[in-house]
Amino acid sequence: MSNPLLEKFDQPFGTIPFNEVKTDHFVPALDAAIEEAKSEIDTIASNLENPTFENTILAQELSGKKLGRVATTYFHLFGSESDQEFQKLAGEISPKLAKFGNDINLNKSLFERVEEVYLNQLETLNEEDARLTELSYKGFVRNGAKLSDEDKDRIRSLDEELSTLSPQFSNNSLNATNSYELWLSENDLDGLPQMIKDGAKMAAKSKGREDEWLFTLQFPSYYPFMKFSSRRDLRKELMTASVTKCNGGEFDNTEICKRIAKLKHERAMLLGYDNFADYVLEKRMAENQTNIYNLLDNLFDACFEPAKEDLRQIKEIAKELDNLEDVKPWDTVYYSEKLKQKLYNFNEDSLRPYFKSDNVVNGVFEIAKRMYGLEFVKLDNIQTWHEDVNVYEVKDEDGSHVGILYEDLFPRETKRSGAWMNELRSQGMQGGEVKRPHVTFNCNLTKPTDTAPSLLTFAEVTTIFHEFGHCLHGLLSNRKYTSVGGTSVFWDFVELPSQIMENWVGEKEALSLFAHHYETGEVIPDELLNKIKDSKNFMSGTMCLRQLSLGYLDMAWFGKDNDVDNVEEFEWNAVKKTALMEKMPGSSISCSLGHIFAGGYSAGYYSYKWAEVLEADAFEKFKEDGLFNRKTAQSFRDNILSQGNMKHPMELYKSFRGREPKVEALLKRDGLMAANEA
């Protein structure tokens with residue numbers, strides 16, 4: 001039987017033939033691709049010629065491309081379009097990939113050849129060849145190449161187990177999200193905007209219950225309900241389901257959290273580090289835990305009192321409006337919205353008509369055109385994984401091909417929650433030629449209803465800009481090798497291109513390009529623009545404190561060895577200094593925090609705040625020179641977006657900014673400067 005994953009992709013631009021790929025293709029394709037990759041590695045390792053860059057470093061860089069293609073396709077679909085049968089394959093696929101990865105990293109003959117080139121030939125190589133050699137050598141060392149045979153065997157065992165735990169965590173989280181349903185009658189809908197009710201009605205109809213309304217734990221359903229529903233009892237019910245998700249029950253992640261942390265700590269110890277965080281931070285801008293805690297603690301000092309004041313005002317308006325004396329966690333979002341309306345005469349839902357999703361996407365494309373000269377041409381001949389997905393060819397201003405962009409905006413039961421960017425094909429050398437990238441941005445935004453198109457919240461617009469920034473980082477990569485280019489950078493630098501794009505959402509000059517009323521075409525009025533600007537720091541102390549709590553929690557799990565008995569208690573001890581309210585019984589952040597247990601952010605969640613310092617400082621340059629200043633944008637493209645991991649991130653940043661970043665820009669932007677100075 002032919003297997004499309006093993007054949008040359010003959011689709012336009014070499015895109016993946018998603019319509020032809022079936023679930024039962026993956027394991028056979030993976031097995032065949034692993035055998036081919038093994039053969040390629042064996043040829044390199046057993047080469048009797050003296051090691052050179054070409055016959056060792058470059059040969060390894062170009063090996064295993066078919067395997068990479070199979071694995072990339074599987075894990076993209078695992079997150080974007082997978083039923084339970086497809087999810088189960090991860091339990092077979094992940095260990096095979098982990099084993100193969102270790103077969104390379106722990107291959108003594110291969111490492112000796114790499115080490116020879118690194119130690120004795122580095123100075124003879126050009127800059128990019130030398131960088132690839134350095135990354136290859138350090139990658140081997142960091143993955144156990146210098147360990148004893150006994151320790152290598154233990155590394156293999158640890159990695160094999162870890163490879164099964166992360167998919168289990170993700171599957172539990174997705175299945176727990178999908179398993180909860182809040183079914184309501186018309187009498188239960190008090191306070192909800194019509195569009196939210198229409199979405200819940202459509203969700204119920206899709207399940208054959210036309211006389212009811214359905215709310216779920218998917219964010220576009222969950223958050224508006226918490227924000228607008230005047231039914232306090234139902235807010236409590238929905239929030240309880242959300243915060244206790246995967247903490248016990250059928251989809252329990254508690255033991256997985258504990259086991260992942262233990263295994264990662266042991267792995268780091270084997271490699272000569274005191275803990276997993278120290279291992280990770282060797283390849284981060286932050287460099288060590290002291291610098292991370294300095295960042296978190298300084299921001300904590302700046303935001304804690306403003307966050308307390310946020311809560312005081314919430315309690316005040318709850319008392320004023322409803323004579324509520326005892327504000328609970330399920331009340332805060334609801335009354336913060338009431339407070340915002342009072343302070344700014346501003347109901348954020350009034351923005352939705354100006355944020356039709358199609359217009360927002362076209363708007364971010366227009367901004368990319370003005371900054372970088374890019375064109376986005378919609379294609380109708382590219383196979384996708386779901387009918388909701390749109391595909392674009394990205395062209396430079398001279399008409400040259402930049403890459404392919406897939407856009408997947410809406411939630412479904414076969415798609416994980418959150419928002420993310422994937423590289424389906426990374427920019428760089430493959431098959432003897434440098435190829436352009438294929439990237440995706442994936443969100444879970446408000447869906448169209450029977451009566452209205454997809455109309456987004458301001459936060460959802462910001463999400464599009466964030467993920468699109470990641471896409472630009474992948475699309476505008478301009479390196480020779482995939483291991484050097486694209487988003488393969490330090491993880492506390494990778495959020496700079498995404499987070500800086502969020503700044504344009506708050507600027508009139510940018511909003512006027514795309515924020516047009518979906519029915520009348522009217523440009524968003526100055527009155528609303530002023531309210532966006534006036535309210536931009538609303539609850540900024542609370543939001544900063546929330547991010548810090550996740551950073552502290554992450555470092556608690558991975559900054560030292562832990563003998564965790566009760567996940568809830570451990571977690572509370574880690575975050576209680578950031579808590580302004582009592583803990584909800586049974587609640588756990590860790591059990592559904594996929595970033596650190598099923599993603600790449602273990603000992604790295606701080607990087608969102610780290611990158612905020614970078615992007616706030618960098619955006620000051622755009623504000624000084626002009627939001628669409630082509631010279632400044634070209635400098636950002638040349639020094640940041642195109643460079644990948646060619647140099648240390650601080651070198652790249654200083655090439656753009658002329659100096660190291662300063663934290664003052666972030667504190668000033670978020671209205672926290674005065675508190676910090678006090």
So does Phe597 get a backbone contact from the side chain of Ser166, meaning a donor-acceptor N/O pair under 3.5 Å?
yes
Using the side chain to side chain donor-acceptor pair (under 3.5 Å) rule, collect all pairs that involve residues 32-49, keeping only residues at least two apart or in two chains.
Glu36-Lys66
Less than 4.0 angstrom from a charged side-chain N to a carboxylate O is my criterion; do Arg156 and Glu160 meet it?
no
If the threshold is 4.0 Å, N to carboxylate O, is there a salt bridge linking Lys96 and Asp31?
yes
Side-chain (Ser63) to main-chain (Gln60) donor-acceptor, under 3.5 angstrom
yes
Would you tabulate the side-chain donor-acceptor contacts of residues 13-22 under 3.5 Å, counting partners in other chains and residues two or more places apart, or write 'none'?
{"residue": "Thr15", "atom": "OG1", "partner": "Pro12", "partner atom": "O", "Å": "2.9"}
{"residue": "Glu20", "atom": "OE2", "partner": "Gln383", "partner atom": "NE2", "Å": "3.3"}
{"residue": "Lys22", "atom": "NZ", "partner": "Asn19", "partner atom": "O", "Å": "3.3"}

Looking at residues at least two apart in the chain, or sitting in another chain, which of them share a ring pair (Phe, Tyr, Trp, His ring centres under 6.0 Å) with Tyr653?
none
Go through the structure and list residues passing side chain to side chain donor-acceptor pair (under 3.5 Å) with His386, not counting sequence neighbours.
none
With sequence neighbours excluded, what pairs up with Asp398 under the side chain to side chain contact (heavy atoms under 4.5 Å, CB included) test?
Asp396, Ser400
Using a strict cut-off of less than 4.0 Å between a Lys/Arg side-chain nitrogen and an Asp/Glu carboxylate oxygen, indicate whether Glu612 and Lys609 qualify as a salt bridge.
yes
Quick check, are the ring centers of Tyr137 and Phe111 under 6.0 angstrom apart?
yes
Partner residues of Phe376 under the ring pair (Phe, Tyr, Trp, His ring centres under 6.0 Å) criterion, sequence neighbours left out:
Phe365, Phe468
